[in-house]
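Heads up, the thing below is written out as structure tokens.
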Amino acid sequence: MQSKPVYAFDNAIVRIPCKAIVNGLRAVDIGAPDYTKVLAEHSAYIKALEEAGLTVQTLSALDAYPDSMFVEDPALVFTEGAIIMRPGAASRFGEAAEMAATLKQRFARVIDLPGPGYADGGDILVLRDRVMIGLSDRTNETGAESLAECLKALGKYPVIVRTPANVLHFKSDCSLLDEATVLSTKRLAVSGVFEGLNVLYTPDGEEGAANALRINDHVFVGSAFPQTIAMLKKTGYSVVPLATSEIAKVDAGLSCMSLRWHA
Ligand code: CIR
């Protein structure tokens, strides 16, 4: 029996943005996001997930954690089970425990990433035959090695790779387009990390588009990236442009706002 593609999902978990998102972490301050506009971007994203065929569980806002709408970072989820991560930013560490109860309700198998290392879900790219763990300022070697063991326990094949300097997460710079193809910035792809895969490069000046999101038949792409959208459409992908200009002010893109899996 042919297994489902790695981008086939039927479930997602999201969390309503809290008002403190205006104080969310950011590498460069280009101004605080507007809360009402963040809510609008988030609700359009939920609608797009639903239209792509997913059942979405929406968790309530967590005011104590400004970045808690980015649920991808404190957990990793698969059909086979979930892993509770150890986020590498001090202000986000507690988000993992906040996610634990929900994961225990939804998954028969939940593994706690053991300390003392750190790892963020944004550094994990799931491919058909392997799971890439990108070392970054949020995912250190100890965390990556512990995570590799957790992934093996779920039957996955982990590979530890590097995120380019000054890039928040590995997946800030790449995403899966189909089982044989990734979208990547040139600065990441030059490392040779995607050897053996087809690579489509983000056009110069549109590096932020690399954090796209393949969901079933569609690819969600930031609407501020017209050249990337045109390239993907020309290649034959069904593109869903989504506004990300407010969440981009806190270094976020399209993968970070959900946990996705096929139940
Ligand atoms: C952070 O710095 O943690 C948040 N402001 C943005 C997190 C984005 N998450 C992701 O790309 N997976």
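Order of appearance sets the numbers: ligands from 1, and atoms from 1 within every ligand. Values reported hereafter were calculated over all heavy atoms of this structure, with side chains retained and with hydrogens, waters and symmetry mates removed.
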Would you indicate which of Glu72, Arg138, Arg92, Arg26 comes nearest to atom 2 (O) of ligand 1 when only heavy atoms are counted?
-> Arg138

What is the closest protein heavy atom to [atom], and at what distance does it sit?
atom: atom 9 (N) of ligand 1; value: Asp73 OD2, 2.8 Å
atom: atom 4 (C) of ligand 1; value: Asp67 OD1, 3.2 Å
atom: atom 10 (C) of ligand 1; value: Cys256 CB, 3.1 Å

Could you tell me which residues satisfy side-chain hydrogen bond (donor to acceptor under 3.5 Å, both in side chains) with Glu72, sequence neighbours excluded, listed by chain and number?
-> Lys171, Ser255, Arg260

Please confirm whether Arg130 makes a cation-pi placement over Tyr157, using NZ or CZ under 6.0 Å from the six-membered ring centre and within 45° of the ring normal.
-> no

Numbered in order shown, the ligand 1 atoms found under 4.0 Å of a heavy atom of Val250 are 4 (C), 5 (N), 6 (C)

Taking only non-hydrogen atoms of Gly122 and a 4.0 Å limit, the atoms of ligand 1 in range are 12 (N)

For the residue pair Tyr45 and Phe220, categorise the inter-ring angle as parallel (less than 30°), tilted (30 to 60°) or perpendicular (more than 60°).
-> perpendicular

Would you call the rings of Phe107 and Trp261 parallel, tilted or perpendicular if under 30° counts as parallel and over 60° as perpendicular?
-> tilted

Between Leu147 and the options Val131, Thr142, Ile111, Leu113, the side chain to side chain contact (heavy atoms under 4.5 Å, CB included) test singles out Leu113

